[in-house]
Protein chains: 2
Amino acid sequence: MEYTVQKLSQLAGISARTIRYYDEIGILKPARINSSGYRIYGRAEVDRLQQILFYRELGVDLQSIKKIMSSPAFDEVKALSEHREQLLARRKQLDLLIRNVEKTIAQRKKGSIMMDKEKFEGFKRKLIEENEQKYGQEIRAKYGEKTVEESNRKFMSMTVEQHAEFTRLEKEIKETLRAAVQTNDPAGELAQKAAELHRRWLGFCWNSYSKEAHAGLAQMYVDDPRFTAYYDEIQPGTAEFFKDAILIYTGLRE
Amino acid sequence: MEYTVQKLSQLAGISARTIRYYDEIGILKPARINSSGYRIYGRAEVDRLQQILFYRELGVDLQSIKKIMSSPAFDEVKALSEHREQLLARRKQLDLLIRNVEKTIAQRKKGSIMMDKEKFEGFKRKLIEENEQKYGQEIRAKYGEKTVEESNRKFMSMTVEQHAEFTRLEKEIKETLRAAVQTNDPAGELAQKAAELHRRWLGFCWNSYSKEAHAGLAQMYVDDPRFTAYYDEIQPGTAEFFKDAILIYTGLRE
DNA sequence: TATAAACCTTGACGTAGCGTCAATGTAAAT
DNA sequence: ATTTACATTGACGCTACGTCAAGGTTTATA
């Protein structure tokens, strides 16, 4: 079956202008140009457009799409599988947003307090996800399937050495915290050392440090069961203790 | 808690440029400007930004967001509820896309045939959903929530007279359709009159008319059980009949 | 306390991805 | 044969920022 511009645009639910634009930028060329000068598209172009729309849906810019699909290594079925992965991830993000709005509604009705940070759960991730979309696939295409850690490292522009330091710091925080919690003194030397190490650890994640953000994160450690569980693995109450230590360290203790 | 531009941008996961741009276009003004000329944002602005991001996530353009949120009838909790509805709908669309990609993968591996039309399931709907986001809520208001009707009317900047005309047209469409469906001829005079009336009715909702959009909406009437039910109230099959009439009217019958 | 680094401002240019329209030729329907 | 619908190229305009320069202010560090 063959399609002219309008037919193809209707089929795909996009504008005729878009079809022509895609020809113009070389991302979707017609199969041929007929004697009248009309663009004629066929089955292969339909399939290609489908792929383009998946990439577009997942937020990939057109130049990247073009580069990916023009590579000799481009494998259509593999690409489709990757779209699926990304779509599933997008659905997870959407679930976060849905949970966020539900939480916001509930708390607005109750007139209770919601952490500012919580209000952007799902949105914030969008930035990270979009970056992963741009670069994560490139990494996967080059080296095959990797862990999220690998792509996150890329995103953060870390060198291998920096990453080792990052990991070492994390370990040291945990060990220092283990000793500090025994003192039961969040203002003590050990606790404050842990907080200082934590601050340095954050230096790898944040473009800039602020005491408020640090304090906010500490609060989140006790507010979010996932983080609480991470620290309470050392000993129940550690997350709370660490929060106090950080609040003291930042001078923002209430 | 107060935030300067960068702090707020980090909190929300968007750029500082975006924050400034939003101030510039008047969609998110700072709480105050400090003695150095710095923008200072507070709790109310954080909540407002959250709402903006929800609207943005759902594809609403900034001018529309501004208009909606500056309306005296704007109800924060109600808006959040609507975001939730839309996010759930978006998730459905995503499920369609996921199913589409899975079907595509399966059929590519089997080397079997997939209808061209099927390949765009989920994408096509995106256009329709976006139109619904802008205008379809008004349609939905007709069938359900009267309180939302009031705020939507304001949004559309309708006069009382215009609203009466809008309502009268709606009634006339239904009556014409009732008579037309008895003829069982979607190309007939009555059916085409109904389609023409529908076009005029859409003139109150849409900034611009296009045959494709009209046809798309007609398709939606049979695809979406809510709309189908509205027309099938006249007589079962009316929605399908009206779709055919509109497709003929717009010349986009397949 | 001085200095460097980080952050703020305004102003301005540029871009991706189209939407819209004009002018003109072609295909399909009447 | 005529009208309507669809095609083309060319070109301007728009939304929503991204980027950068120049210069002032705040924060961290030595």
Side-chain angles (χ1 to χ4, degrees), chain A residues 2-10 12-28 30 32-41 52-53 55-57 59-66 127 130-131 134 196 199-200 203 206-214 250-251, chain B residues 2-10 12-28 30 32-41 52-53 55-57 59-66 127 130-131 134 187 206-213 215 247-253:
Chain A
E2 296 196 326
Y3 303 91
T4 52
V5 167
Q6 196 185 30
K7 284 185 189 162
L8 184 60
S9 69
Q10 279 182 348
I14 61 179
S15 70
R17 175 73 180 106
T18 303
I19 302 285
R20 289 192 197 96
Y21 180 65
Y22 286 179
D23 178 17
E24 192 180 307
I25 63 173
I27 202 172
L28 179 65
R32 61 189 173 87
I33 308 291
N34 77 6
S35 54
S36 316
Y38 286 20
R39 297 173 175 84
I40 306 297
Y41 297 87
I52 290 165
L53 291 188
Y55 279 117
R56 215 179 68 168
E57 182 70 29
V60 185
D61 67 278
L62 296 180
Q63 283 308 314
S64 299
I65 296 172
K66 187 179 170 186
L127 203 76
E130 281 173 354
N131 273 282
K134 252 182 199 176
E196 163 64 25
R199 174 191 165 149
R200 278 159 53 190
W206 289 352
N207 292 331
S208 69
Y209 173 86
S210 79
K211 289 177 183 177
E212 289 83 6
H214 197 181
T250 56
Chain B
E2 293 194 326
Y3 303 92
T4 51
V5 167
Q6 196 185 28
K7 282 177 188 168
L8 183 59
S9 69
Q10 278 182 349
I14 61 180
S15 70
R17 175 73 179 107
T18 303
I19 302 283
R20 287 189 201 100
Y21 180 64
Y22 286 179
D23 177 19
E24 191 181 307
I25 64 173
I27 202 173
L28 179 66
R32 59 188 175 89
I33 308 291
N34 77 5
S35 54
S36 318
Y38 287 15
R39 294 172 177 85
I40 306 297
Y41 297 87
I52 291 165
L53 293 186
Y55 279 115
R56 214 180 66 168
E57 180 71 29
V60 185
D61 67 277
L62 296 180
Q63 284 308 315
S64 298
I65 295 171
K66 187 182 171 185
L127 202 78
E130 282 172 353
N131 271 283
K134 265 187 189 170
W206 291 352
N207 291 333
S208 68
Y209 173 85
S210 79
K211 289 177 185 181
E212 288 83 6
L247 290 185
I248 289 164
Y249 175 80
T250 55
L252 294 170
R253 186 171 189 160

At under 4.0 Å, does any side-chain N or O of [X] touch on OP1 or OP2 of [N]?
| X | N | value |
| --- | --- | --- |
| A:Arg20 | D:dT9 | no |
| A:Thr4 | D:dC6 | no |
| A:Arg39 | D:dT8 | yes |
| B:Ser36 | C:dC8 | no |

Do [X] and [Y] have side-chain heavy atoms sitting under 4.5 Å apart?
| X | Y | answer |
| --- | --- | --- |
| B:Val5 | B:Tyr38 | no |
| A:Ile14 | A:Leu53 | yes |
| B:Ser9 | B:Ile19 | yes |
| A:Arg39 | A:Asp23 | yes |
| B:Ile27 | B:Tyr21 | no |

Could you state the atom-to-atom distance from [atom1] of [X] to [atom2] of [N] in whole Å?
| X | N | atom1 | atom2 | value |
| --- | --- | --- | --- | --- |
| A:Leu28 | C:dC18 | CG | C1' | 15 Å |
| A:Ile52 | C:dG17 | CD1 | C1' | 14 Å |
| A:Ile40 | D:dC6 | CD1 | C1' | 11 Å |
| A:Ile27 | C:dG17 | CD1 | P | 8 Å |
| B:Tyr3 | C:dC7 | OH | P | 16 Å |
| A:Ile19 | C:dG17 | CD1 | C1' | 14 Å |
| B:Glu24 | C:dT9 | CD | P | 12 Å |
| B:Ile248 | C:dA29 | CD1 | C1' | 15 Å |

All N/O pairs under 3.5 Å across the protein-nucleotides 10-16 of chain D interface:
| unit_1 | atom_1 | unit_2 | atom_2 | d |
| --- | --- | --- | --- | --- |
| D:dA16 | OP1 | B:Leu62 | N | 2.9 |

Backbone of B:Glu2 reached by a side-chain donor or acceptor of B:Lys7 within 3.5 Å: no
Is the backbone of B:Ile25 close enough, under 3.5 Å, to the side chain of B:Lys66 for a donor and an acceptor to pair up by distance? yes
Out of D:dT9, D:dC6, C:dG19, whichever nucleotide has its closest atom nearest the side chain of A:Gln6: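 When the side chain of A:Gln6 is considered, D:dC6 is the closest of D:dT9, D:dC6, C:dG19.
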Mapping A:Ala16 and A:Asn34 to their closest nucleotides on DNA chain C, which lands nearer the 5' end? A:Ala16
